[in-house]
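A short write-up of the structure that comes next.
Given the structure is predicted, the values throughout are model-derived calculations rather than measurements.
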Amino acid sequence: MSKLLEIFGKGLTVNTAEIIRHWLGQILSKEESTNRTDLLLKIHDCLANRELVQAENKIHAYLTDFPECVLGRMAAAAVCLLQNELQETIEQTQSVYWRQPSNTMALYVLGYCHERLGHIETALEFYQDCIKFKSFLQLPRQRMAAIYLTEGRLDKACLLYTSDAADDSSVVLLW
């Protein structure tokens, strides 16, 4: 029974907005300094300090100038998550998904939001796509195992959990 509870709890304590912020920071640390990246770094700092009003204002201005920027859209998604606006998070992340269908961060966030909204089959599809592009990612597998467990699909939950446990030596939660 404790193993089943462990499966169910995996990934629940992870702050998805924080994962987005960390991902954004990793990408920006590799970018050359430009006006665009400097603006994104300011947005990143606002997110890190939980200055949501300032972050929202900067993102709005940024997306007015760069409406198709994937990084700006993901920053907007992080703010929406921090404000518990799941539908708006989906809209921002969907914009990234249309531009980059293999973006595993967007796929995971879409799965996470749909799972929270109770759209379980849609969530599973996004988590599966996430694993399809990066099979080493642990967090989407953990969420899928938890979903299968709650649905009573113990065979699938155990399969995902055992593959997850086997990969623990080279743990990679996300990105």
Side-chain angles (χ1 to χ4, degrees), residues 5-31 36-63 66 69-97 99-100 102-120 122-124 126-131 133-147 160 164 167-168 170-175:
L5 292 174
E6 183 181 336
I7 293 169
F8 182 69
K10 292 272 186 171
L12 288 178
T13 59
V14 174
N15 182 333
T16 303
E18 186 61 25
I19 292 172
I20 296 170
R21 189 194 63 77
H22 179 72
W23 173 83
L24 182 62
Q26 293 289 84
I27 292 172
L28 291 173
S29 71
K30 298 173 187 172
E31 297 279 322
R36 184 182 72 83
T37 57
D38 291 345
L39 290 170
L40 285 168
L41 281 169
K42 289 177 184 174
I43 293 168
H44 178 268
D45 290 344
C46 287
L47 287 171
N49 297 320
R50 296 294 194 263
E51 299 166 343
L52 299 184
V53 173
Q54 294 91 325
E56 261 187 308
N57 292 337
K58 290 179 188 317
I59 290 169
H60 178 72
Y62 179 84
L63 290 176
F66 307 102
C69 179
V70 167
L71 300 177
R73 293 286 170 191
M74 289 306 294
V79 169
C80 293
L81 273 177
L82 289 168
Q83 296 172 334
N84 204 30
E85 297 172 353
L86 296 177
Q87 206 54 50
E88 182 64 26
T89 304
I90 289 172
E91 289 176 28
Q92 293 296 336
T93 311
Q94 189 74 42
S95 176
V96 173
Y97 175 67
R99 289 172 177 78
Q100 295 179 347
S102 62
N103 184 314
T104 53
M105 180 57 70
L107 290 167
Y108 177 76
V109 172
L110 286 166
Y112 171 79
C113 289
H114 282 289
E115 181 182 0
R116 284 196 47 204
L117 289 170
H119 310 150
I120 300 305
T122 304
L124 284 171
F126 282 117
Y127 291 148
Q128 288 167 346
D129 284 349
C130 200
I131 293 169
F133 290 112
K134 291 186 181 174
S135 62
F136 58 86
L137 294 177
Q138 199 176 44
L139 196 51
R141 280 196 312 236
Q142 292 172 346
R143 293 310 315 140
M144 287 174 56
I147 289 170
L160 283 165
D164 185 42
D167 291 346
D168 260 354
S170 58
V171 172
V172 178
L173 289 177
L174 281 174
W175 308 267

- Could you walk me through whether Leu81 and Cys113 pass the side chain to side chain contact (heavy atoms under 4.5 Å, CB included) test, one step at a time? CA-CA 9 Å; Leu81 273 177; Cys113 289; 4.1 Å; yes

- Query: Between Arg99 (side chain) and Cys69 (backbone), is there a donor-acceptor pair under 3.5 Å?
  - Reply: no

- Message: I need the minimum non-hydrogen distance between Ala75 and Leu24, along with the two atoms involved.
- Response: CB-CD2, 4.0 Å

- Message: Within this structure, what is the CD1-OG1 distance for the pair Ile43 and Thr37, rounded to the nearest 0.5 Å?
- Response: 11.0 Å

- Note on the structure: side chain to side chain donor-acceptor pair (under 3.5 Å) test vs His44 passes for just one of Lys58, Arg21, His22, namely Arg21

- Task: With the side chain counted from C-beta on, respond yes when Leu117 and Gln87 share a heavy-atom pair under 4.5 Å apart, and no when they do not.
- Result: yes

- Message: If you apply the rule salt bridge (Lys or Arg N to Asp or Glu O under 4.0 Å), what do you find for Lys42 with Glu51, and how did you get there?
- Response: CA-CA 11 Å; Lys42 289 177 184 174; Glu51 299 166 343; over 6 Å; no

- Under 3.5 Å donor-acceptor, Arg143 side chain and Leu139 backbone: no

- Please report the shortest heavy-atom distance between Ala123 and Ile147, naming the atom on each side. CB-CD1, 4.4 Å

- Which distance, rounded to the nearest 0.5 Å, do you find between the CD1 of Ile20 and the CG of Asn15? 9.0 Å

- Given side chains that start at C-beta, do those of Val109 and Met74 come closer than 4.5 Å, heavy atoms only? yes

- Note on the structure: Between Thr93 and Ala106 the two heavy atoms that sit nearest each other are CG2-O, 3.3 Å

- So, for Tyr127 and Met144, which heavy atoms are closest and what is the spacing to 0.1 Å? CB-CG, 3.4 Å

- Do Arg116 and Asn84 have side-chain heavy atoms sitting under 4.5 Å apart? yes

- Between the CZ atom in Arg73 and the OH atom in Tyr62, the distance rounded to the nearest 0.5 Å is 10.5 Å

- Task: Check whether the ring centres of Phe126 and Tyr108 lie less than 6.0 Å apart, and answer yes or no.
- Result: no

- Message: Please give me the minimum heavy-atom distance between Leu107 and Ser102, naming the atom from each residue.
- Response: CD1-C, 4.4 Å

- When rounded to the nearest 0.5 angstrom, what distance separates CD in Glu115 from OG1 in Thr122? 11.5 Å

- Chi angles and distances behind the side chain to side chain contact (heavy atoms under 4.5 Å, CB included) call for Tyr112, Thr89: CA-CA 10 Å; Tyr112 171 79; Thr89 304; over 6 Å; no

- Note on the structure: Taken to the nearest 0.5 Å, the spacing of Met105 CE from Thr16 OG1 works out to 8.5 Å

- Item | Pair Gln100-Asn103, side-chain donor/acceptor within less than 3.5 Å | yes

- Between Glu31 and Leu41, does a side chain to side chain contact (heavy atoms under 4.5 Å, CB included) hold up when you go through it step by step? CA-CA 10 Å; Glu31 297 279 322; Leu41 281 169; over 6 Å; no

- Message: Checking side-chain polar atoms at under 3.5 Å, does Glu88 have a donor or acceptor matched by the opposite partner on Gln92?
- Response: yes

- Query: Would you say Leu82 and Leu47 make side-chain contact, with heavy atoms under 4.5 Å?
  - Reply: yes

- Of all heavy-atom pairs linking Leu63 and Gly72, the shortest is CD2-C, 3.9 Å

